[in-house]
Each structure stands twice: as C-alpha cells, then as structure tokens.
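Ligands are counted one by one from 1 in listed order, and the atoms in each one are counted from 1 as well. The analysis underlying the following values was restricted to heavy atoms, covering all of them including side chains, and did not include hydrogens, waters or symmetry mates.
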Amino acid sequence: MDERRILKAELRWVIVVAIAVGLMVIVIITTTLTNALHPPSNVETIDPATLHLAGEFVEANLGAQENDDGTVTVRLVATQFAFVPRCLPVPAGRQVTLRVTSPDVLHGFIVAGTNVNTMVVPGYVAEITTEFDKTGDHLMPCHEYCGLGHSNMWAVLRVLPEEEWNPDENGRMTCDLIP
Ligand code: CUA
C-alpha cells in the first residue's frame, strides 16, 4: 500500500518535470523561429598567442569593413578589459557578420535589443551573422566574468541609417567617419 503511494508521488513528479521540459523546448523552438535566437555554432580555430602579430585580427584590420557584395564584416578583439575597437558602426537593414576572438581569457557579449549573444573563447573565432533594424547606439557589455575589470568591459554598436554609412575608399568605416 505504502509502495503504491510512493509510486504515485513519483509519477506525479515525472509528469511535472515532463511539462517543464516540454515548455522549455517550446520556448527554444519559438524563439529560434521568430527571433533567430540560437547558439552560435562556428567552430573555427585561431592561435590566441599570435593573433595580434599577423592575419585577420591585426590591429589595422579591426573594425567595420564593407565587402564587395554590400554586406559588412566587423572584426574585433575581446581582451581584458576592453573590446577593440570600442565603437562599432554598422548600417541598418544590411547583412552584418561579427567576427570576434580573444587573446587571453573567456569573454562574451550581447548587443542589447538584438539577437546577438555569444561567448568569446580564446583559440576560437566567434561568428554571428545578423541584420540590425533599429538605428542608434546599442550597448554591448561583456557577459562572462573575465577578471577584476569585467564590469568596465563594454563597447557600443552604432546602427546607422544608410545615408550616414559612408566608408572610406578601402571600405572601412569607423565612428570618426560618421557625419
Ligand atoms: Cu570580458 Cu567580462
């Protein structure tokens, strides 16, 4: 008799857990389909010890770059305790790819009000492709505890209307070039 009561209680909790898991799966599927919220899955390695010496992530190559097809690539380095560069201009309504890596420890970032959210793992390049519709400044804080200066680590993603997006002759755009 006692055993039956225990079995019934266990079954009740199995149902509760199944409902909770089911709800979470529904939330994940819904946000994936409606807001393009999903974990970044780019597995691309890079040597964190030399990324500032040569290749894609040298200082001169950081920042926003317009590609030949009109899309924009933004390259930045997340390091203790800053994003380089700190101000990231992007055009509204165009495909933008963010490419980020770290030379030291684990960092991460979100862009407020958008679906951009990723970890930045040393040794890997985090890549997110998205489109920004709301013009204006979006705060971009580091969201992985990375040391004593963690709370001071943030950047600004500046979404510009098309008429304010005027890159130089090399296709590079910085916040200094905003009219
Ligand atoms: Cu970088 Cu927290």
S.K.: Is the closest side-chain heavy-atom distance between T101 and L51 below 4.5 Å?
M.R.: yes

S.K.: Nearest to atom 2 (Cu) of ligand 1, which N, O or S atom of E144 do we find?
M.R.: O

S.K.: Please give me the minimum heavy-atom distance between W165 and A64, naming the atom from each residue.
M.R.: CH2-CB, 4.1 Å

S.K.: For the OH atom on Y124, are there more than 12 heavy atoms of other groups (residues, nucleotides or ligands in this structure) within a distance under 6.0 Å?
M.R.: no

S.K.: Backbone or side chain, does M153 get an N/O/S atom under 2.8 Å to atom 1 (Cu) of ligand 1?
M.R.: yes

S.K.: Looking at every non-hydrogen atom in both residues, tell me the closest pair between A78 and M153 and how far apart they are.
M.R.: CB-CE, 3.8 Å

S.K.: Do you reckon I128 sits in the same ILVMFWY cluster as V125, going by side-chain contacts under 4.5 Å, direct or chained?
M.R.: no

S.K.: Can you tell me if C142 has an N, O or S atom under 2.8 Å away from atom 2 (Cu) of ligand 1?
M.R.: yes

S.K.: At a threshold of 2.8 Å, where the distance has to be below it, does atom 1 (Cu) of ligand 1 have an N, O or S atom of H150 nearby?
M.R.: no

S.K.: In H107, the N, O or S atom nearest to atom 1 (Cu) of ligand 1 is which?
M.R.: ND1

